[in-house]
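In what follows, a single structure is set out as structure tokens and then discussed.
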Amino acid sequence: MTTKHTPGPWYVGSGTYEGRNIYSTASVTDGEGFTYQPVVATAEDEVACWDANARLIAAAPTMYEYIASSASNGCAEARKIMEAINAGR
């Protein structure tokens with residue numbers, strides 16, 4: 001299976017503008033030599049929802065790896081979750 005998402009880990013931005021973005025910790029260098037961490041997701045929710053949504057989104061790669069590992073180790077429930085994830089691709 002090939003990965004169709006930006007590999008984790010991800011983190012939630014903390015600056016005035018960066019605080020609404022989730023970034024990859026893996027650096028990317030563009031054609032002009034500028035190195036940066038790419039934005040994985042942006043949310044424009046109310047502040048009350050934003051923090052919870054950002055933490056959930058940032059944790060997605062870790063949760064995916066845990067579920068995938070559990071599925072490959074024989075966990076039936078994890079296999080069902082992986083089937084649902086893969087059906088959406």
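Quick caveat, the model's predicted, so the values are computed rather than measured.
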Taking all non-hydrogen atoms of both residues into account, name the closest pair between [X] and [Y] and its distance.
| X | Y | value |
| --- | --- | --- |
| A71 | M82 | CB-CG, 3.8 Å |
| W10 | A60 | CZ3-CB, 4.1 Å |
| A26 | P38 | O-CD, 3.3 Å |

Backbone N/O of S69 and side chain of S72: donor-acceptor pair under 3.5 Å: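 Flag set: sc S72 to bb S69 pair under 3.5 Å.
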Flag for T29-T35: side-chain donor and acceptor within less than 3.5 Å: yes
Value rounded to 0.5 Å, distance of CD1 in I67 from NZ in K80: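 If I round to the nearest 0.5 Å, the distance is 14.0 Å.
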Between CD1 on residue I81 and CE on residue M63, distance to nearest 0.5 Å: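 So the gap between those two atoms works out to 10.5 Å.
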T62: side-chain contact (heavy atoms from CB on, under 4.5 Å) partners, not counting sequence neighbours: none
For Y11, all residues meeting ring-ring contact (aromatic ring centres under 6.0 Å, His included), sequence neighbours excluded: Y23
Y36 OH: over 12 foreign heavy atoms closer than 6.0 Å: yes
Option passing side chain to side chain contact (heavy atoms under 4.5 Å, CB included) with I22 (candidates L56, I57, V39):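 Answer to the side chain to side chain contact (heavy atoms under 4.5 Å, CB included) test with I22 among L56, I57, V39: I57.
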Flag side-chain contact, heavy atom, 4.5 Å: Q37 against T25: no
